[in-house]
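Taking it in order: structure first as structure tokens, then the write-up.
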Amino acid sequence: MEKYTEKVIEYFMNPRNMGEIPDADGESRIGSLICGDIMQLFLKIENNIIIDAKFKTFGCAAAIASSSVVTEIIKGKTVEEAEKVTKKLILEKLGGLPEPKVHCSLLAVDALKEALQNWKEKQHSK
Ligand code: FES
């Protein structure tokens with residue numbers, strides 16, 4: 001695949017859940033070693049369910065589309081379900097990414113893992 005799919009372009013043009021959650025229960029900030037782009041993810045979690053998710057991404061179209069898709073996938077899911085989100089699932093939802101852009105979807109997965117980890121650490125320190 002060499003070009004962005006229509007799905008990727010659509011998500012890039014109309015990103016879902018872009019923004020911040022000031023009192024987030026879990027959050028992350030991940031930078032890609034490959035390109036230097038940065039993704040921030042904010043989660044609101046109640047009774048083990050992700051009730052809200054927002055992102056801010058300083059990156060390419062694929063990174064923005066991947067972040068947006070991740071927030072859509074995890075909203076309403078349990079923490080355990082969210083932990084199972086993979087790069088493969090994101091790529092499926094986007095209809096694939098050009099090969100040099102596959103790492104951008106990994107950034108979204110890493111941001112999710114890190115935000116869930118941050119939530120867990122906050123639970124322990126309560
Ligand atoms: Fe950096 Fe896509 S090129 S995240």
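Whatever order the structure lists them in is the order used to number ligands and atoms, beginning at 1.
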Knowing that exactly one of Ser67, Ser68, Ser66 qualifies, which makes a side-chain hydrogen bond (donor to acceptor under 3.5 Å, both in side chains) with Thr57?
Ser67
Looking at side-chain heavy atoms only, is the closest gap between Asp25 and Glu46 below 4.5 Å?
no
Electrostatic pair Glu83-Lys77, nearest N-O below 4.0 angstrom:
no
Closer than 2.8 Å to atom 2 (Fe) of ligand 1, what protein N/O/S atoms do you find?
Cys60 SG, Cys104 SG
At what distance, to the nearest 0.5 angstrom, does CG of Leu41 lie from CG of Asp110?
11.5 Å
Note: Cys60 and Asp37 closest approach over all heavy atoms is N-OD2, 3.4 Å
If hydrophobic clusters are built by linking Ile, Leu, Val, Met, Phe, Trp and Tyr wherever their side-chain heavy atoms come under 4.5 Å apart, do Val102 and Leu89 end up in the same one?
yes
